[in-house]
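No hydrogens, no waters, no symmetry mates; every other heavy atom, side chains included, goes into these values. A note on names: the letters A, B, ... follow the listed sequences, proteins ahead of strands, and every chain is numbered from 1.
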Number of protein chains: 2
Amino acid sequence: MRISELSDRTGVTIPTLKYYLREGLLHAGEAQSATRAVYDDSHVERVRLVRTLIDVGRLSIERVREVVDALEHPPPSRHQLLGVVHEALRPHPAPEPPTTEAVDRVRALGAPGCDESLASTQLAQALSAAAAGGWVVEDATLRVWQRAMHAVAETDVAEELGSIAPADALRHAIVGTVLTDPVLLALRRVAQEALSAERFGSADPEDGVT
Amino acid sequence: MRISELSDRTGVTIPTLKYYLREGLLHAGEAQSATRAVYDDSHVERVRLVRTLIDVGRLSIERVREVVDALEHPPPSRHQLLGVVHEALRPHPAPEPPTTEAVDRVRALGAPGCDESLASTQLAQALSAAAAGGWVVEDATLRVWQRAMHAVAETDVAEELGSIAPADALRHAIVGTVLTDPVLLALRRVAQEALSAERFGSADPEDGVT
DNA sequence: AATTTTGGAGAGTCATACTATCCAAAGTCA
DNA sequence: TGACTTTGGATAGTATGACTCTCCAAAATT
């Protein structure tokens, strides 16, 4: 297919596709002459991936380029896969380095240290930021959350890592993370509303006085 | 205190503070003369809130303004509080409207319909986006996640809604949500890495073939 | 032959979030 | 008292990111 058809099939304008080509987010089509190149399903899929990362994951163009570069050099070993995923989706811009107190709490949870694991670093940074913002997360609360997210991660690892090729596993894991993080946060909110309604009946006219 | 001290205490430059004043993110100090105004702890606290919303929550200036406006008109009724919080922190820019299929799935979970609840709308939109991105969330998986996030929400509602004044409860809930969402996502990643290491031992040299 | 499309390159646009400059009045300190 | 600094307020400028537009000449289509 030509670029106009790629545009039609993805809903992305031709100038934007050209921009993605320039920026290295989209691999070049097969050149047939100086003014003709042909694109295929891999391009359609790539454009959709890029749009998902940008629209849902709110990744910058630069970060998307890192993701597609990683896709073209998938890790040979399955146990490195999540590391690559988590690196690709790490928050931007980089948060402050964590306090030692936060690092200790992460270790106390039984997670690997920040030197070994990017996810541990992110957790320590998130806990630091919470503390800096004046929010205290009790140890008991943290452990409840840990158990809850462990249950979530079991479905992730079960689903994500079937015996498929590394590049597919990587794309699957990245897309899955980007698309399901918002689902989890929305589920939290739905549950909050349910519990709130349960406790302060939704038609209580006398609420709110102090 | 004068603006220079406010700047020193918050780490935000004077030009930026003036910008926040202009944009209505920061309430004016008490004017003492044409060229003198005095700021107090409420200003320090507000600046810190604004920075948290911007740096951690990645909210736009416009959205931050909505949040501070809401803080100055807190909902009289406690059961409306979460609605205000969720509206203030809704994703930006607005996602596509959800498919009817996604809306049905949300209702099947026992959550209120999208007409009644912003969180339900967000969930339906997140599920729609996942489906559009080619990601299938099994019903069984979704229920596991729902239970997990319900456990999380119990700690939220318990902590968030002590018997404090509406404005404080609102600020507390907003800051808590912004600061703890990243903690949850990081916990998910940590758990993923732990499970992945458990299943594909972290020093297995024969992984990756196929 | 006339028209349309393409690849490629460069410049232009738009929004967001600051930063910088200016000013005159007001305060501070020697 | 008088030089120096700070302030509030207004206006203009900058940096970045993500496109979007314009041009061109060589194909390709009609």
For this session: State whether Glu45(B) and Arg48(B) are salt-bridged, where the test is any N-O pair (Lys NZ or Arg NE/NH1/NH2 against Asp/Glu carboxylate O) under 4.0 Å.
Result: no
Seminar exercise, completed: By nearest-nucleotide position on DNA chain C, the 5'-leaning member of Gln32(B) and Ala28(A) is Ala28(A)
Exercise. dT6(C) P sits how many Å from Glu30(A) CD, rounded?
Worked result: 17 Å
Exercise. Just how far, in rounded Å, is P of dC19(D) from CG of Leu21(A)?
Worked result: 14 Å
Exercise. CZ of Arg2(B): more than 12 outside heavy atoms within 6.0 angstrom?
Worked result: no
Exercise. After noting the C-alpha distance and the side-chain angles of Arg189(A) and Val85(B), does the key distance pass the side-chain contact (heavy atoms from CB on, under 4.5 Å) rule?
Worked result: CA-CA 10 Å; Arg189(A) 269 138 239 225; Val85(B) 174; over 6 Å; no
Problem set entry | Atom-pair distance (CE on Met1(B); C1' on dT6(D)), nearest Å | 17 Å
Exercise. Please give, in whole Å, the distance from dG17(D) P to Arg58(A) CZ?
Worked result: 15 Å
Exercise. Can you tell if the side chain of Leu81(B) reaches within under 4.5 Å of the side chain of Ser196(A), non-hydrogen atoms only?
Worked result: no
Exercise. Parallel, tilted or perpendicular: which fits the ring planes of Trp135(B) and His172(A), with parallel below 30° and perpendicular above 60°?
Worked result: tilted
For this session: Could you check how far CZ of Arg22(A) sits from P of dA11(C), rounded to whole Å?
Result: 12 Å
Exercise. Can you check the Leu6(B) CG to dT7(D) P distance for me, whole Å?
Worked result: 11 Å
For this session: Let me know, please, whether Ser33(B) or Tyr20(B) comes out on the 5' side of the other along DNA chain C by nearest nucleotide.
Result: Tyr20(B)
Exercise. When the distance from CG of Leu59(A) to P of dG17(D) is rounded to whole Å, what number comes out?
Worked result: 14 Å
For this session: Please step through side-chain contact (heavy atoms from CB on, under 4.5 Å) for the pair Val190(B) and Gln122(A), ending with a clear verdict.
Result: CA-CA 9 Å; Val190(B) 167; Gln122(A) 286 179 15; over 6 Å; no
Exercise. Between residues 8-19 of chain B and DNA chain D, which residues have a heavy-atom gap below 4.0 Å?
Worked result: Lys18(B)
For this session: Note the angle between the end axes of the helix from dA1(C)-dT30(D) to dA30(C)-dT1(D), five pairs defining each, rounded to 10 degrees.
Result: 10°
Exercise. Does the side chain of Arg51(B) come under 3.5 Å of the side chain of Tyr20(B) through a donor N or O and an acceptor N or O?
Worked result: yes
Exercise. dC19(D) C1' sits how many Å from Leu26(A) CG, rounded?
Worked result: 15 Å
Exercise. Going through the checks in order, is the side-chain contact (heavy atoms from CB on, under 4.5 Å) test met by Leu49(B) and Leu71(B)?
Worked result: CA-CA 11 Å; Leu49(B) 170 69; Leu71(B) 280 178; 3.4 Å; yes
Problem set entry | Distance test, side-chain N/O of Thr35(A) to OP1/OP2 of dG8(C), below 4.0 Å | no
Exercise. What about Arg2(B): does its side chain form a donor-acceptor pair under 3.5 Å with the base of dT5(D)?
Worked result: no
Problem set entry | Pair Asp41(A) + Arg9(A), salt bridge at N-O below 4.0 Å | yes
Problem set entry | Under 3.5 Å donor-acceptor pair, Arg36(B) side-chain atoms to dT28(C) base atoms | no
For this session: Drop me the distance from Leu195(B)'s CG to Asp156(A)'s CG, to the nearest 0.5 angstrom.
Result: 9.0 Å
Exercise. Will you find, in the side chains of Ser42(A) and His27(A), an N or O donor that is under 3.5 Å from an N or O acceptor?
Worked result: yes
Exercise. Tell me, which of residues 41-57 of chain A have any heavy atom that sits under 4.0 Å from an atom in DNA chain D?
Worked result: Arg51(A), Ile54(A)
Exercise. Taking 4.0 angstrom as the limit, do Arg65(A) and Glu62(A) come out as a salt bridge?
Worked result: no
